[in-house]
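Heads up: the structure comes next, in structure tokens.
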Amino acid sequence: MKSRKHEISSGAILAMLSILPYPFIRFRAIEEGVVETLVNHLKHQKKCLLAAYALSRILDYENIRKAMFELSAPDYIISTFKRGSFNGTVENEPGKEVLGRLMRNDDLRAAILKAHITEALCTMFKMGETALNNAAFDFLDIMSNYPDGKELIKESKISIFSAIVTALDHQEWALQKNAAMALHTLFGIRNSERTFVTQEFQSVILEGIPRILKLLVHDRSYRVVGGAAALLALSDDRTVRAGVREHADFKFARSGYFSKSIKLQYHNSDPREEDVHKILDKLFAAMEESPHHRGAIKFPEVHGMPVRSAWVTSIGILSCVFYIPCGLTAMLAGWAIDKTETSPT
């Protein structure tokens, strides 16, 4: 195959799709490096979805498919997926449908499944981003339509659950909340139709509840918040509530919280104490049997503690090392705090 660099406009790509059914034109397109250009476009975020759309339309031609595999197209399709690019829309078609059309080809699907796709899914869930979680949900849903895809889900579900727990054990609230919602979605809460994906993940999540509860009884506040968020996201399920209420770690956490005998540690950007109390209050209430109060899940607002200004820290150190009159120290520290509070973030 000749290696040629071409820049093909979007319009040209779409026009080309209508003439590729002709064998001679298809042969010439391969010789001229059109497939190579499309595969190269998969490497670029702004071009990858259109390229994937085009390849999905011509994938059934054997010589096109052969050229794609020679150019390592499956690897770049995975890269496109890992970026969350299939969340978009191309030619009025959702990216999920484009990915689904690609996965209908047995050879391409087999190549994708062999290319460390479980590792890719775990990495996406660990990042705790809504867009990447949604991309992973779509991929699992598509894969559940095929026997080899179902095997992938069975083999990877424990690793995926562990990746989500890793995201729960993160100091940043946004990541924790997204991880909790990932469990909510994979468990199939409020989804009356049980899918293969939710059926497989329900058992894993139920068995993994003790791992989540270990976060709830930790002495670092952000870990407590991560565990509480996950349990809150699952609290609409009667089986989850019953199992959690009877677990020793939950009883310990609830007893210690209401007796005020547990003292949590707060460091750096850990959540504020008042926000920890809000989410724990909401969790303990949600775990009681009160189905008539249930509705769309709403997490309380959680904010990190204010970051201490470097000025304040420096002045504190200087006041200890050097003799600085108390009045001057207080004045400088007050000025530094004002400067921190008024500076843009």
Side-chain angles (χ1 to χ4, degrees), residues 4-21 26 29-30 32-61 64-146 149 152 178 182 185 197:
R4 302 186 183 183
K5 301 267 185 187
H6 287 298
E7 280 299 323
I8 306 178
S9 68
S10 300
I13 290 174
L14 296 173
M16 176 190 66
L17 296 179
S18 64
I19 60 175
L20 280 180
R26 194 161 62 247
I30 295 170
E32 291 295 322
V34 170
V35 176
E36 181 181 7
T37 299
L38 290 176
V39 172
N40 284 335
H41 281 186
L42 291 174
K43 304 174 188 179
H44 303 284
Q45 189 162 3
K46 292 183 178 180
K47 302 176 180 179
C48 61
L49 186 54
L50 179 61
Y53 172 84
L55 291 170
S56 74
R57 293 291 183 183
I58 58 179
L59 181 60
D60 289 338
Y61 300 120
I64 295 282
R65 192 164 60 251
K66 181 174 181 293
M68 287 173 58
F69 276 80
E70 289 175 354
L71 294 163
S72 302
D75 293 336
Y76 299 121
I77 289 171
I78 291 177
S79 297
T80 300
F81 159 65
K82 286 174 66 177
R83 288 193 296 266
S85 296
F86 286 107
N87 290 343
T89 302
V90 57
E91 290 301 299
N92 296 318
E93 184 175 55
K96 181 181 179 180
E97 293 186 12
V98 175
L99 181 60
R101 192 162 51 246
L102 288 168
M103 293 301 100
R104 281 203 293 267
N105 183 271
D106 293 341
D107 293 336
L108 180 58
R109 190 175 66 255
I112 295 289
L113 293 177
K114 290 178 182 177
H116 307 291
I117 192 63
T118 297
E119 182 181 339
L121 287 164
C122 289
T123 299
M124 293 167 75
F125 279 116
K126 281 180 183 177
M127 294 181 73
E129 296 180 11
T130 302
L132 297 184
N133 285 353
N134 289 339
F137 298 147
D138 285 346
F139 181 82
L140 292 171
D141 186 45
I142 291 168
M143 286 295 106
S144 68
N145 295 314
Y146 306 98
L152 167 77
N178 288 336
T185 300
V197 174

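Just so it is clear, the model here is predicted, and its values are computed rather than measured. Heavy-atom basis, side chains included; hydrogens, waters and symmetry copies ignored.
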Applying side chain to side chain contact (heavy atoms under 4.5 Å, CB included) to H41 and L50, what does each step give before you reach the verdict? CA-CA 8 Å; H41 281 186; L50 179 61; over 6 Å; no

Stepwise side chain to side chain contact (heavy atoms under 4.5 Å, CB included) test for M143 and L113: CA-CA 10 Å; M143 286 295 106; L113 293 177; 3.7 Å; yes

To the nearest 0.5 Å, tell me how far [X] [atom1] sits from [Y] [atom2].
| X | Y | atom1 | atom2 | value |
| --- | --- | --- | --- | --- |
| F125 | L132 | CZ | CG | 9.5 Å |
| M68 | I58 | CE | CD1 | 7.5 Å |
| R65 | L55 | CZ | CG | 12.5 Å |
| I13 | T37 | CD1 | OG1 | 8.5 Å |
| L99 | R104 | CG | CZ | 10.5 Å |

For R57, give me all partners under salt bridge (charged side-chain N to carboxylate O under 4.0 Å, His left out), at least two apart in sequence or on another chain. E93

Taking the side chain from [X] and the backbone from [Y], do they hold a donor-acceptor pair closer than 3.5 Å?
| X | Y | value |
| --- | --- | --- |
| S18 | L14 | no |
| T80 | L42 | yes |
| N105 | L102 | no |

[X] and [Y]: which non-hydrogen atoms are nearest, and at how many Å?
| X | Y | value |
| --- | --- | --- |
| I142 | G100 | CD1-N, 3.7 Å |
| L121 | F139 | CD2-CD2, 4.0 Å |
| S85 | Q45 | OG-CG, 4.3 Å |
| L38 | A51 | O-CB, 3.3 Å |
| K96 | D141 | NZ-OD2, 2.7 Å |
| R26 | P21 | NH1-O, 3.1 Å |

Please indicate whether M103 has more than 12 foreign heavy atoms, meaning atoms of other residues, nucleotides or ligands, lying under 6.0 Å from its CE. yes

Count the heavy atoms of every other residue, nucleotide or ligand shown that sit under 6.0 Å from NE2 of H44, and state whether that count exceeds 12.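 It does: H44 NE2 has more than 12 such atoms within range.
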
So, do [X] and [Y] sit near enough that their side-chain heavy atoms are less than 4.5 Å apart?
| X | Y | answer |
| --- | --- | --- |
| R109 | I112 | no |
| I30 | I64 | yes |
| S79 | K43 | no |
| D138 | N87 | yes |

Taking only residues two or more places apart in sequence, or in another chain, which ones meet F86 in a ring-ring contact (aromatic ring centres under 6.0 Å, His included)?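 F86 satisfies ring-ring contact (aromatic ring centres under 6.0 Å, His included) with no residue once adjacent residues are dropped.
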
Could K66 and E70 be called an ion pair, given the rule that one side-chain N must be under 4.0 Å from one carboxylate O?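 Looking at E70 together with K66, the answer is yes, because their closest N to O distance falls below 4.0 Å.
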
Candidate pair I117 and F81, rule side chain to side chain contact (heavy atoms under 4.5 Å, CB included), full reasoning: CA-CA 10 Å; I117 192 63; F81 159 65; 3.9 Å; yes

Side chain to side chain contact (heavy atoms under 4.5 Å, CB included) for Y53 and L17? Distances and angles first, verdict last. CA-CA 10 Å; Y53 172 84; L17 296 179; 4.0 Å; yes

